[in-house]
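Scroll down for the structure; my scribbles are underneath it.
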Amino acid sequence: MLGFRNRSVKANYLNRYRVRAGLRSQDPHAKRSVLVLCGGTVAGDVSEAEVMARYARYQLGYTGPIRLDRKSTSTWENIENVIPLVEDMDTLKIVSNSLHAEKGRAYLWRQRPDIAERLVRAEEHRFGELALLKPVLAVIGLNRLGRLRRAVSPSSSAGLTARNGPIGPGGGPERVRGRPR
């Protein structure tokens, strides 16, 4: 799960949503499932990952294993820092609001296509959930994805996608120039 700027020791609205979406995205038939939470101290004194872990444990009663990335300050770093935590996983789900999760999947394709091949869709969309925020998040997300796509070399047909989900051919933006935020 990708964190969102948390100014307090309590999970903010978006981080609570992301934890709920992450928990419902777990496969109940999987032999092993690990909750991986990302986010450093971007806006508060406690890392976003720790704040979300506390919410999962103490508010939602989650008792399973948790791995934390407490250092990330951007989506790029979320993905970069989570790679060692998920290399041994058979399948992966990146959870956030839908377009932010898509950005995370694109970054994973750039950083480690071998791991990105194990991506499957999460359950981040639920009808009626975040109803007032989704249009705003969509505009922000589409703007940022557009900038990422424009950075893709014109000679590359790489798209932004996860297994089981369309966005473009080629599996991922392998030839994006520069280091995104």
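By convention here, the first residue in the shown sequence is residue 1. Please read these numbers as outputs of a predicted model, since none were measured by experiment.
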Report task. Before giving the answer on side chain to side chain donor-acceptor pair (under 3.5 Å), spell out for Asn12 and Arg5 the whole-Å C-alpha distance, their side-chain angles and the decisive distance to 0.1 Å. Result -> CA-CA 8 Å; Asn12 63 33; Arg5 286 185 172 87; over 6 Å; no

Requested in this report: Hey, could you give me the CH2/CG distance between Trp76 and Asn81, rounded to the nearest 0.5 Å?
Outcome: 11.5 Å

Query raised in the report: Looking at Val46 and Thr41, what are the two nearest heavy atoms and their distance?
Result: C-CG2, 3.5 Å

**Report entry** Remaining members of hydrophobic cluster (4.5 Å side-chain criterion), Tyr55
**Finding:** Met1, Val19, Leu23, Leu35, Leu37, Met52, Leu60, Tyr62, Ile66, Leu68, Val95

Requested in this report: Can you measure from CZ (Phe4) to CG (Asn97) and round to the nearest 0.5 angstrom?
Outcome: 8.5 Å

Query raised in the report: So, are Arg121 and Asp27 salt-bridged, with charged N and O less than 4.0 Å apart?
Result: no

Query raised in the report: Just by distance, do the side chain of Ser72 and the backbone of Ser74 share a donor-acceptor pair under 3.5 Å?
Result: no

Report summary line: Rounding to 0.5 Å, atoms CG (Asn78) and CG (Leu108) come to a distance of 11.5 Å

Query - Min side-chain heavy-atom separation Arg32-Asp88 under 4.5 Å - result: yes

Query raised in the report: Can you tell me if Arg7 uses its side chain to pair, donor with acceptor, with the backbone of Gly44 under 3.5 Å?
Result: no

Query raised in the report: For Ala11, does its backbone N or O pair with a side-chain atom of Arg16 as donor and acceptor, under 3.5 Å?
Result: yes

Report task. Could you grab the distance from atom CG of Asn6 to atom CG of Asn15, nearest 0.5 Å is fine? Result -> 5.0 Å

Query raised in the report: Any idea which heavy atoms bring Ser33 and Pro65 closest together, and the distance?
Result: O-CG, 3.3 Å

Query - Leu2 reachable from Val36 in the ILVMFWY side-chain graph, under 4.5 Å edges - result: yes

Query raised in the report: Which residue pairs pass the salt bridge (Lys or Arg N to Asp or Glu O under 4.0 Å) test with at least one member in residues 42-55, sequence neighbours excluded?
Result: Glu50-Arg54, Glu50-Arg70

Query raised in the report: So, for Ser47 and Gly39, which heavy atoms are closest and what is the spacing to 0.1 Å?
Result: CB-O, 3.3 Å

Report task. Answer yes or no: is there an ion pair linking Glu87 with Arg118, defined by an N-O contact shorter than 4.0 Å? Result -> no

Query - Residue pair Thr75 / His100, side-chain heavy-atom distance below 4.5 Å - result: yes

**Report entry** Flag, side chain of Arg57 to backbone of Gly64, donor-acceptor distance under 3.5 Å
**Finding:** yes

Query raised in the report: Same hydrophobic cluster for Trp109 and Met89, using side-chain heavy-atom links shorter than 4.5 Å among ILVMFWY?
Result: yes

Query - Atom pair CZ (Arg105) and CG (Leu92), whose distance is rounded to the nearest 0.5 Å - result: 11.5 Å

Report summary line: In this structure, OG of Ser25 is separated from CD1 of Ile94 (nearest 0.5 Å) by 11.5 Å

Report task. Apply the test side-chain contact (heavy atoms from CB on, under 4.5 Å) to residues Glu77 and Lys71: give CA-CA distance (whole Å), side-chain angles for both, the deciding distance (0.1 Å), then the verdict. Result -> CA-CA 8 Å; Glu77 289 178 3; Lys71 296 180 181 177; over 6 Å; no

Query raised in the report: Can Val51 be reached from Val42 by stepping across I, L, V, M, F, W or Y side chains whose heavy atoms are under 4.5 Å apart?
Result: no

